[in-house]
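Comments concern the structure below.
Reckoned from all heavy atoms, side chains included, excluding hydrogens, waters and symmetry mates. Atoms within a ligand are numbered from 1 in the order they appear, just like the ligands themselves.
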Amino acid sequence: MSKLTAAITAVGAYLPDYRLTNEILETMVDTTDEWITTRTGIKERRILKDKDKGTSYLAIKAAEDLIKKKNLDPKEIELVLVGTATPDMPVASTAVYVASQIGATNAFAYDLQAACSNFLYGMSAAARYIESGRYKKVLLIGADKMSSILDYEDRTTCIIFGDGAGAVLFEPNTKGLGLIDEYLRSDGNGREFLKIEAGGSLLPASEETVRNKQHYVFQDGKSVFKFAVYNMADGAAKIMERNGLTHDDVSWLVPHQANKRIIDATANRMGLDSGKVMMNIHRYGNTTSATLPLLLADYEEQLKKGDNLIFAAFGGGFTWGSIYLKWAYNP
Ligand code: UT7
């Protein structure tokens, strides 16, 4: 039998309706549409306004979209992975709740946490379960309600992130389609630059941590930018090199949507023109775990069987890397 690979066979997505535009942000913090657009490429982001809904709501909606499109019986799903930096609760995995709510009653489930690399690392994990031969249907969801951890008085962070979710189904393939190679890295020295300081075991929640706003995202943007620009481009270049791919062989770059300047630098390093670069940062901002599957959902109609996709991401921690995947189906 030919080698077993893990192919993406379906995609789903969900974005909340509310559009937080740059113009609205201008009325909230000291910023301008011009600054945000030129520094990040973002024009608007979606926000889940409902106070009683958490990340699971977004994840369930994305999974239901996939299930409907694929006409899938959720009872066939064997594993549900949810990549999220904003779980519903610190304890009681969001993935477990999501699996139950979508009717995946024969699945086991758990969360992954590697910040903006959640989905990339999740692809690696999902692929290993499939390649083992033991599991045939793995649902990977990337979902974040970033608005729940943002300080809307901090112009350096609140303009960047948005809420959303995307889902993909991994299934076995014997035709050489699916995940081909991966280059994944991490560096714990990076955690000072992008973090939520309080609420974990190191600094449990207290009146003081709340007063000091330590439950919101803190980012030293400039430092993160430097590492992200270098490492996202480097990871993508490395995976091309070791698979003998030239820019002509690459059909699409699927880059984490943190900053248009980082994406452009990665594409430049790969020698790709903009027509091969998936981009939706202007519409959704940085949705953390959801950026990669939301790109797949937006570009699904343009993807063809056999297309060579290079995924690249960089996130807090630091975490980063690149994945080479051959697309497995036509629109
Ligand atoms: O997804 C996970 C990984 N995260 C990333 O990859 C994000 C990486 N970092 C970035 O994308 C960029 O660093 C930012 C978009 C966050 C910031 O852009 P920057 O070009 O690095 O700006 P900066 O932080 O160097 O700030 C430049 C100036 C500062 O003013 P001074 O000190 O020069 O007077 C900031 O105070 O811009 C000011 N500034 C703003 N001005 C208007 C910062 N935020 C804003 C704002 N509106 N929203």
Side-chain angles (χ1 to χ4, degrees), residues 20-45 83-86 112-122 142-147 149-164 166 185-196 216-236 254-267 269 279-282 284-295 311-322:
L20 178 59
T21 62
N22 290 353
E23 287 70 26
I24 298 172
L25 280 167
E26 282 177 355
T27 68
M28 296 164 62
V29 287
D30 181 15
T31 192
T32 60
D33 170 47
E34 205 263 334
W35 192 96
I36 301 172
T37 307
T38 53
R39 297 292 178 119
T40 70
I42 303 167
K43 297 301 277 184
E44 60 181 45
R45 47 318 270 138
T84 184
T86 54
L112 289 159
Q113 161 55 315
C116 290
S117 300
N118 276 337
F119 197 81
L120 193 81
Y121 283 14
D144 269 306
K145 185 183 174 184
M146 293 304 292
S147 60
I149 53 169
L150 292 176
D151 176 3
Y152 283 95
E153 291 179 351
D154 176 5
R155 68 177 182 173
T156 69
T157 51
C158 75
I159 57 115
I160 295 169
F161 297 97
D163 302 339
R185 290 292 182 273
S186 60
D187 177 1
N189 293 314
R191 80 171 181 177
E192 288 312 311
F193 302 111
L194 177 47
K195 62 184 171 184
I196 294 178
Y216 290 125
V217 171
F218 162 83
Q219 176 171 249
D220 172 353
K222 235 188 208 359
S223 301
V224 178
F225 186 88
K226 265 189 243 157
F227 282 94
V229 152
Y230 177 78
N231 286 308
M232 218 166 100
D234 189 59
V254 192
H256 174 53
Q257 307 284 294
N259 188 314
K260 187 173 181 300
R261 290 182 288 147
I262 300 173
I263 299 166
D264 290 344
T266 305
R269 176 87 185 269
M279 189 98 72
N280 57 18
I281 191 170
H282 51 294
Y284 311 139
N286 182 349
T287 54
T288 302
S289 311
T291 57
L292 301 182
L294 284 175
L295 286 171
F311 294 77
F314 185 90
F318 293 134
T319 55
W320 72 94
S322 188

Thr37/Lys43 under side chain to side chain donor-acceptor pair (under 3.5 Å): CA gap, chis, key distance, verdict: CA-CA 6 Å; Thr37 307; Lys43 297 301 277 184; 3.2 Å; yes
Whether Phe193 and Phe318 hold their rings parallel, tilted or perpendicular, with breakpoints at 30° and 60°: parallel
Salt bridge (Lys or Arg N to Asp or Glu O under 4.0 Å) partners of residues 154-164, not counting sequence neighbours, each pair once: Asp30-Arg155
For ligand 1, run through the N/O pairs with the protein that fall under 3.5 Å and put one pair on each line.
from: ligand 1; atom 1: 1 (O); to: His256; atom 2: NE2; distance (Å): 2.9
from: ligand 1; atom 1: 1 (O); to: Asn286; atom 2: ND2; distance (Å): 2.8
from: ligand 1; atom 1: 4 (N); to: Gln219; atom 2: OE1; distance (Å): 3.2
from: ligand 1; atom 1: 9 (N); to: Gly221; atom 2: O; distance (Å): 3.1
from: ligand 1; atom 1: 11 (O); to: Asn259; atom 2: ND2; distance (Å): 2.7
from: ligand 1; atom 1: 13 (O); to: Gly221; atom 2: O; distance (Å): 3.0
from: ligand 1; atom 1: 20 (O); to: Arg39; atom 2: NH1; distance (Å): 2.7
from: ligand 1; atom 1: 20 (O); to: Arg261; atom 2: NH2; distance (Å): 3.0
from: ligand 1; atom 1: 22 (O); to: Arg39; atom 2: NH1; distance (Å): 3.3
from: ligand 1; atom 1: 25 (O); to: Lys222; atom 2: NZ; distance (Å): 2.6
from: ligand 1; atom 1: 36 (O); to: Arg155; atom 2: NH2; distance (Å): 3.0
from: ligand 1; atom 1: 37 (O); to: Trp35; atom 2: NE1; distance (Å): 3.3
from: ligand 1; atom 1: 41 (N); to: Trp35; atom 2: NE1; distance (Å): 3.4
from: ligand 1; atom 1: 41 (N); to: Arg155; atom 2: NH1; distance (Å): 3.4
from: ligand 1; atom 1: 47 (N); to: Thr31; atom 2: OG1; distance (Å): 2.6
from: ligand 1; atom 1: 48 (N); to: Thr31; atom 2: OG1; distance (Å): 3.1
from: ligand 1; atom 1: 48 (N); to: Arg155; atom 2: O; distance (Å): 3.0

Side chain to side chain donor-acceptor pair (under 3.5 Å) against Thr86, all qualifying residues, sequence neighbours excluded: Thr55, Thr84, Asp144
Expected output: side-chain Arg45 to main-chain Ile159 donor-acceptor under 3.5 Å: yes
With sequence neighbours excluded, residues passing side-chain contact (heavy atoms from CB on, under 4.5 Å) with Ala115: Gln113
